[in-house]
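As the structure is a prediction and not an experimental result, all values here were calculated from the model. Side chains included, hydrogens not; waters and symmetry mates left out as well; all remaining heavy atoms used. Chain identifiers are assigned alphabetically (A, B, ...) following the order of the sequence lines, protein sequences preceding nucleic acid strands; residue numbering begins at 1 within each chain.
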Protein chains: 2
Amino acid sequence: MVTYIFVTNRLHIRMRRDVFQAIADPVRRDIIGLLANQELTVNSVAENFDISRPAVSNHIKILSECGIVVIHKKGRERYCQIQPQNLLPVAEWIEQYRKLWEEKLDSFESYLMKLQTKNKNDE
Amino acid sequence: MVTYIFVTNRLHIRMRRDVFQAIADPVRRDIIGLLANQELTVNSVAENFDISRPAVSNHIKILSECGIVVIHKKGRERYCQIQPQNLLPVAEWIEQYRKLWEEKLDSFESYLMKLQTKNKNDE
DNA sequence: TATATACGTAACCATTTGATTACACAAATA
DNA sequence: TATTTGTGTAATCAAATGGTTACGTATATA
């Protein structure tokens with residue numbers, strides 16, 4: 001069986017920010033991880049990192065520009081909420097390849113099985 | 001029946017390149033897409049892009065540095081083969097959030113259901 | 001043996017990225 | 001009203017990124 005994989009990226013609507021690029025930065029992945037458990041203000045997020053608050057603020061901006069984070073104002077505070085469903089493009093992209101590597105592992109497994117049988121016959 | 005699972009990333013083969021960063025570039029994602037269907041030489045890969053051959057060569061190098069692509073020499077040609085299982089760290093990372101957004105969608109769905117029932121009662 | 005081919009790599013360059021500090025401003029508080 | 005707090009943004013900078021051309025080198029071919 002052959003699995004054909006189409007280059008879906010070409011079909012995508014141009015976003016201001018690319019979600020693949022957004023999650024490329026480890027700090028931004030950590031921010032996503034933090035927000036998975038709870039909504040946090042920008043300052044609360046920043047407290048978890050060694051970099052400056054404006055640096056964190058900019059990371060959050062990038063995440064919000066590709067929809068992974070939405071911000072709602074509450075007084076002078078801004079609460080960051082994760083929108084995990086906007087990671088879907090990445091999940092879909094990866095999913096094609098999961099099929100591919102599972103096929104690979106299956107065929108490797110059956111290769112090992114054959115090898116075992118062969119060795120048994122050789123004994 | 002034995003299932004062999006290779007979590008190569010966990011075996012602490014220190015990778016120079018981060019796989020998240022590797023797939024951040026659209027050209028590299030396209031290269032992965034090309035190689036999913038077939039093994040290709042460096043030049044054959046390069047033919048599919050508008051950028052120069054050395055530029056493609058460098059992208060392939062980056063992909064090979066994080067294990068997504070392996071290269072085997074055959075005469076003067078170098079065949080690039082995809083190792084999709086090395087995308088697993090990304091798949092695992094995404095998977096946590098899939099659970100999160102499915103919960104979100106579920107609760108939204110049940111919210112809609114309640115709304116529908118309510119509207120029916122209001123009629 | 002001379003030439004063509006398939007690369008990798010070095011030198012270079014423009015742009016992007018990710019950080020900093022300084023500042024502006026609205027909202028809360030004293 | 002004066003001050004503190006939470007935040008965005010501008011100016012600036014070093015490093016990383018991604019492209020180019022030029023070149024070296026091993027392998028195939030004439």
Looking at CD1 of B:Ile68 and CD1 of B:Ile32, how far apart are the two atoms once the value is rounded to the nearest 0.5 Å?
4.5 Å

Reading nucleotides 3-8 of chain D 5' to 3', which nucleotides get B (base under 4.0 Å from a protein heavy atom), which S (sugar-phosphate only), which -?
-BBSBB

Side-chain N or O of B:His59 closer than 4.0 Å to phosphate OP1/OP2 of D:dT17:
no

Between A:Trp93 and A:Phe20, how do the two ring planes meet: parallel, tilted or perpendicular, split at 30° and 60°?
perpendicular

Give a yes or no on this: more than 12 heavy atoms of other residues, nucleotides or ligands lie within 6.0 Å of atom CG of A:Asn37.
yes

Over how many whole Å does the gap from B:Ile62 atom CD1 to D:dT17 atom P extend?
8 Å

Range on DNA chain C touched by chain A, heavy atoms, distance below 4.0 Å:
C:dT17 to C:dA28

Measure the CZ-NE2 distance between B:Phe49 and B:His59 for me, rounded to the nearest 0.5 Å.
8.0 Å

Between A:Arg78 (side chain) and A:Ile71 (backbone), is there a donor-acceptor pair under 3.5 Å?
no

Look up atom CG in B:Leu34 and atom CG in B:Asn48, then write down how far apart they are to the nearest 0.5 Å.
4.5 Å

Would you say B:Ser52 reaches D:dG19's phosphate, i.e. side-chain N/O to OP1/OP2 under 4.0 Å?
no

From the list B:Val19, B:Ile94, B:Asp18, side-chain contact (heavy atoms from CB on, under 4.5 Å) with B:Pro89 holds only for B:Val19

Can you tell me the distance, in whole Å, between the CG atom of A:Asn58 and the C1' atom of D:dT12?
14 Å

OP1, OP2 of D:dT17 versus side-chain N and O of A:Gln21: anything below 4.0 Å?
no

Stretch residues 29-40 of chain A: residues that reach within less than 4.0 Å of DNA chain C through a heavy atom
none

Determine, step by step, whether A:Gln85 and A:Leu88 satisfy the side chain to side chain contact (heavy atoms under 4.5 Å, CB included) criterion, reporting the C-alpha distance in whole Å, the side-chain angles of both residues, the deciding distance to 0.1 Å, and the verdict.
CA-CA 5 Å; A:Gln85 72 276 16; A:Leu88 187 62; 5.6 Å; no

Basic-acidic side-chain contact under 4.0 Å: A:Glu95, A:Arg98
yes

Would you give the length of the straight line joining atom CD of B:Gln96 to atom CH2 of B:Trp101, rounded to the nearest 0.5 angstrom?
11.0 Å

Toward the 5' end of DNA chain C, by each residue's nearest nucleotide, A:Gly75 or A:Val56:
A:Val56

Any salt bridge linking B:Glu77 with B:Lys74? Criterion: basic side-chain nitrogen under 4.0 Å from a carboxylate oxygen.
no

Residue pair A:Lys74/A:Ile51 against DNA chain C: nearer the 5' end by closest nucleotide is A:Ile51

